[in-house]
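We count residues from 1, following the sequence as given.
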Amino acid sequence: MKKTALFPGSFDPFTKGHHDIVMRGLNLFDEIIIGIGHNTTKKNRYFDIDLMVSKIESLYTGISGVKVVVYNELTSSLAKAHDAKYLLRGLRNTTDFEYENTISQMNRYLNEELETVFLITSPEFAAISSTIIREVHRYGGNVDKFLPYKV
């Protein structure tokens with residue numbers, strides 16, 4: 001039976017930490033769907049969504065089992081539509097766990113077949129956050145070290 005995981009997020013931008021979670025997740029799952037969602041708490045994206053789709057897809061060219069979708073619906077509904085029985089999430093710290101645990105419980109309530117799998121971020125990526133990357137980039141700082149592609 002094929003194991004499909006959905007890796008949801010706003011990915012604004014998609015960082016080396018996110019890439020690490022996908023690559024490690026491929027050891028656990030047959031397919032990983034990177035779902036770029038429209039986060040209602042984040043009014044405007046900093047990086048264009050089409051740019052992110054292009055950059056992420058180019059990262060996984062030649063790697064089977066990874067695809068990218070854009071969605072504007074409940075994550076649990078997207079998972080069901082793609083027959084994904086797992087949500088893949090990365091945790092940098094206990095603050096992430098508290099936030100992700102709450103979301104995991106609601107996703108499980110909405111789709112009882114959906115299991116969330118947490119991977120602890122690799123130490124070298126633990127300090128990377130999309131929010132910080134956006135701020136550094138906005139004010140002209142070099143973010144190349146934190147992204148698996150050039151912007």
Side-chain angles (χ1 to χ4, degrees), residues 1-135 143 146-149:
M1 186 165 150
K2 183 177 175 182
K3 288 188 197 171
T4 300
L6 173 62
F7 183 33
S10 56
F11 303 118
D12 189 21
F14 189 85
T15 69
K16 284 185 176 179
H18 296 130
H19 177 61
D20 179 58
I21 295 296
V22 170
M23 296 308 292
R24 290 170 48 215
L26 286 171
N27 293 319
L28 303 171
F29 302 104
D30 301 310
E31 179 180 46
I32 296 177
I33 301 166
I34 300 169
I36 304 175
H38 294 277
N39 188 330
T40 57
T41 63
K42 299 175 183 176
K43 298 298 177 199
N44 297 311
R45 290 187 62 87
Y46 180 75
F47 290 97
D48 180 73
I49 202 162
D50 293 329
L51 173 68
M52 276 304 102
V53 169
S54 172
K55 295 293 186 182
I56 296 168
E57 285 178 341
S58 69
L59 277 175
Y60 301 104
T61 300
I63 299 175
S64 64
V66 178
K67 71 179 184 180
V68 181
V69 298
V70 176
Y71 71 104
N72 192 14
E73 63 184 297
L74 290 171
T75 299
S76 60
S77 298
L78 179 70
K80 191 175 282 191
H82 287 272
D83 202 29
K85 303 288 188 223
Y86 306 93
L87 287 182
L88 178 61
R89 301 298 296 154
L91 299 176
R92 293 171 297 180
N93 52 43
T94 57
T95 303
D96 281 356
F97 175 77
E98 292 295 326
Y99 176 75
E100 294 292 343
N101 182 48
T102 303
I103 293 171
S104 172
Q105 297 298 326
M106 182 54 72
N107 280 320
R108 183 73 183 236
Y109 170 77
L110 295 169
N111 178 350
E112 63 187 28
E113 296 181 343
L114 196 55
E115 194 69 59
T116 301
V117 176
F118 297 116
L119 294 182
I120 304 299
T121 304
S122 295
E124 64 269 29
F125 304 121
I128 300 174
S129 100
S130 293
T131 302
I132 293 170
I133 300 304
R134 286 193 304 271
E135 284 300 298
V143 295
F146 309 105
L147 303 176
Y149 50 81

[atom1] of [X] to [atom2] of [Y]: how many Å apart, nearest 0.5 Å?
X      : Y     : atom1 : atom2 : result
Ile33  : Leu6  : CD1   : CG    : 6.0 Å
Leu26  : Glu31 : CG    : CD    : 10.0 Å
Leu59  : His18 : CG    : NE2   : 12.5 Å
Tyr149 : Thr15 : OH    : OG1   : 7.5 Å
Ile36  : Ile49 : CD1   : CD1   : 5.5 Å
Phe125 : Ile21 : CZ    : CD1   : 9.5 Å

Original post:
After noting the C-alpha distance and the side-chain angles of Asp83 and Lys85, does the key distance pass the side chain to side chain contact (heavy atoms under 4.5 Å, CB included) rule?
Top reply: CA-CA 6 Å; Asp83 202 29; Lys85 303 288 188 223; 3.1 Å; yes
Does a side-chain heavy-atom distance below 4.5 Å link [X] with [Y]?
X      : Y      : result
Gln105 : Ile103 : no
Leu91  : Glu100 : yes
Pro8   : Tyr71  : yes
Val117 : Phe29  : yes
Ile63  : Met23  : yes
Ser76  : Asn107 : yes
Ile132 : Phe146 : no
Lys55  : Pro13  : no

**OP:** Could you walk me through whether Tyr60 and Ile34 pass side chain to side chain contact (heavy atoms under 4.5 Å, CB included), step by step?
**Re:** CA-CA 11 Å; Tyr60 301 104; Ile34 300 169; 3.7 Å; yes
Original post:
Hey, is CD on Glu73 packed in by over 12 heavy atoms from elsewhere, all under 6.0 Å?
Top reply: yes
Original post:
Do other residues, nucleotides or ligands put more than 12 heavy atoms under 6.0 Å from the CD atom of Glu124?
Top reply: yes
Original post:
Among Arg89, Arg108, Lys3, which residue meets the salt bridge (charged side-chain N to carboxylate O under 4.0 Å, His left out) test with Glu115?
Top reply: Arg108
Original post:
Quick check, are the ring centers of His19 and Phe11 under 6.0 angstrom apart?
Top reply: no
Where is the tightest heavy-atom contact between [X] and [Y], given as atom of each residue plus distance?
X      : Y      : result
Gly90  : Asp96  : O-OD2, 4.4 Å
Leu114 : Ala79  : CD1-CB, 3.7 Å
Arg24  : Leu119 : NH2-CB, 4.0 Å
Arg92  : Ser129 : NH1-CB, 2.8 Å
Ala84  : Ala5   : CB-C, 4.3 Å
Ile128 : Gly17  : CD1-N, 4.5 Å

**OP:** With side chain to side chain contact (heavy atoms under 4.5 Å, CB included) as the test, would you mind laying out the steps for Lys16 and Asp20 before giving the verdict?
**Re:** CA-CA 6 Å; Lys16 284 185 176 179; Asp20 179 58; over 6 Å; no
**OP:** Check step by step if side chain to side chain contact (heavy atoms under 4.5 Å, CB included) holds for Phe47 and Phe14.
**Re:** CA-CA 10 Å; Phe47 290 97; Phe14 189 85; over 6 Å; no
